[in-house]
Protein chains: 2
Amino acid sequence: MASDTTLPSFKPLYQQVRERLVGRLIDGTWPPGMALPSEQQLAHELGVSQGTVRKALDAMSSEHLLVRAQGRGTFVADVEDTRILFRYLRLVGDDGRRLVPESKVTSVRQHKATEPARTRLELPRGSNVWTIERTRQMDDRVSIVETILVSAKRFPGLDRFSPLPNHIYSLYGSRYGIIIGRVIEQLKAIGASAKDAALLGCEPGAPLLHIERTALGLDGVPAEWRISRCLTDNFHYLSDL
Amino acid sequence: MASDTTLPSFKPLYQQVRERLVGRLIDGTWPPGMALPSEQQLAHELGVSQGTVRKALDAMSSEHLLVRAQGRGTFVADVEDTRILFRYLRLVGDDGRRLVPESKVTSVRQHKATEPARTRLELPRGSNVWTIERTRQMDDRVSIVETILVSAKRFPGLDRFSPLPNHIYSLYGSRYGIIIGRVIEQLKAIGASAKDAALLGCEPGAPLLHIERTALGLDGVPAEWRISRCLTDNFHYLSDL
DNA sequence: TAGTGGTCTAGACCACGAC
DNA sequence: TCGTGGTCTAGACCACTAT
């Protein structure tokens, strides 16, 4: 046998349908915001019952890949959509307001990937990456310093898009066809470095919320590595379990 | 009209079934770990089709209230269950190991609830609360200081259970019939107080991860308010979105 | 009014676990 | 071998949206 781990010898039809439909999201057949054919049409086209198509669509809906609305139809999830926007935006004001931090890019440069960057982005030795540095402010107060790394090969000519949009995932989708489907974040408390302290207007060593994010594409491959340092005086990170 | 918010004029049958079944979890008819009747039996008993029961059970399963296993049956989720244990335990070692911190209770006392405690626990003016203080250690190193508040009325005689178990939610369930169904956490970075610094063996002002948790019972009422201060030198908080 | 997704039903068959 | 949950189908009807 090629493998000693027992693989499921059986794959449900609705999962196969799901994979075919996800494929159409990956290859751009159905771009973000577009309406899908009706359940009936899909069922006929794929040669399965409507119930099976429904189960695949429901699964993708619960993964936030699709948005379904009774009476209107089924649509490809769009990062610009307010229902999707706050999925990856966990910062909330202490008074309960959802905050959308405005960004100011301070540098975009290409260089050889360091070893941790290669590991996180699963890149081969010698790969190049883009490093984007930016600050983000909420209520006219700089409170986040952010470093974003992506593969230079997967994002050619990234420096041409200037200024980079606030919601950078919409750029990944519209310009590079890379749609973020999952995000893993690791949180710590750290002391501010001298450099970050200067940008944030706080004392060096001041406590910052350190968020290290790995964003995966629909194919499960890491597309972005991001480190944010946040001065959480007036807001917090919300986790709903 | 009594209310100006338009309520859904229609409640699906499977949701009504779900509510009846959740009721049996709340009233203790089906305690944690117990096997439920089969889908067929429930369908017959409730006078609906098996498909409708299935949809209710699937919903409760995705809320982590039930655990289903093909060929075995459907079981009430148990905090002791390893599949459930890590649901509310988001701390992971930097090397990827899931860590279960051991607890040492330093004080259990009853007193009048402060205003923020009353707000968080939705208690009337003049209510009493229990305050539990404890430290938690991972790899023989004290790294968490925790303050837990619960209503004295809902948890009578809590001080009789000594020592309090490490997984305090199993005590809530087995002794008071209060099952935690949802947890909301707010994270910040703060500087260590002199008292916490002494307990954690760090400098005052050292950066700590501040986790404020509100735990809700199956009925949606807040049952516990908890504040943890964590020295995140060797571990982090994991958030999978 | 037409078309969409959402609910509900009934029944057949399959995969899995326990005995 | 039996009973469980899981899959798949087919069809009827309901709630909602757009026009």
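Labels below follow one simple rule: chain letters A, B, ... track the order of the sequence lines, proteins then strands, and each chain is numbered from 1.
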Asker: Can you list, in residue-number order, the parts of residues 69-77 of chain A that come under 4.0 Å of DNA chain D, counting heavy atoms only?
Answerer: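 Per residue number, the list reads A/Q70, A/G71, A/R72.
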
Asker: Hey, does the side chain of B/Y14 come within less than 4.0 Å of C/dC8's phosphate (OP1/OP2), counting only N and O?
Answerer: no

Asker: I need the CD-P distance between A/Q15 and D/dT7, as an integer number of Å.
Answerer: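 The distance from CD of A/Q15 to P of D/dT7 comes to 7 Å, rounded to the nearest Å.
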
Asker: Taking only side-chain N and O atoms of A/R68, does any of them lie within less than 4.0 angstrom of OP1 or OP2 on C/dG6?
Answerer: yes

Asker: Could you check which of C/dG6, D/dC8, C/dT9 has an atom nearest any side-chain atom of B/L13?
Answerer: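 The closest nucleotide is C/dT9.
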
Asker: Contacts to DNA chain C from residues 39-57 of chain A, heavy-atom cutoff under 4.0 Å, which residues?
Answerer: A/E39, A/R54

Asker: Hey, is the main chain of B/F155 close enough, under 3.5 Å, to the side chain of B/W130 for a donor-acceptor pair?
Answerer: yes

Asker: Is there a donor in the side chain of A/Y169 and an acceptor in the side chain of A/E224, or the other way round, less than 3.5 Å apart?
Answerer: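 There is such a pair (donor and acceptor under 3.5 Å, judged by atom type) between the side chains of A/Y169 and A/E224.
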
Asker: Output, in order, the C-alpha distance, side-chain angles, deciding distance and verdict of side-chain contact (heavy atoms from CB on, under 4.5 Å) for B/V17 and B/L42.
Answerer: CA-CA 10 Å; B/V17 170; B/L42 286 172; over 6 Å; no

Asker: Take B/E212 and B/H210 through the side-chain contact (heavy atoms from CB on, under 4.5 Å) test and state the conclusion after the steps.
Answerer: CA-CA 7 Å; B/E212 182 175 328; B/H210 179 272; 4.0 Å; yes

Asker: Tell me, which pairs form a side-chain hydrogen bond (donor to acceptor under 3.5 Å, both in side chains) where one or both residues lie in residues 68-78 of chain A, sequence neighbours left out?
Answerer: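 Listed once each, the pairs are A/E39-A/R68, A/D58-A/R68, A/R68-A/T74.
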
Asker: Just to verify, what does A/V67 make a side-chain contact (heavy atoms from CB on, under 4.5 Å) with, not counting sequence neighbours?
Answerer: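 Partners of A/V67 under the side-chain contact (heavy atoms from CB on, under 4.5 Å) test: A/A77, A/R83, A/I84.
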
Asker: By side-chain contact (heavy atoms from CB on, under 4.5 Å), which residues pair with A/I179, not counting sequence neighbours?
Answerer: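 A/I179 satisfies side-chain contact (heavy atoms from CB on, under 4.5 Å) with A/P32, A/L218 only.
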
Asker: Taking side-chain contact (heavy atoms from CB on, under 4.5 Å) as the test, write out the residues that go with B/Q16, two or more places apart.
Answerer: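 Scan of B/Q16 (side-chain contact (heavy atoms from CB on, under 4.5 Å), adjacent residues dropped) gives B/K11, B/L13.
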
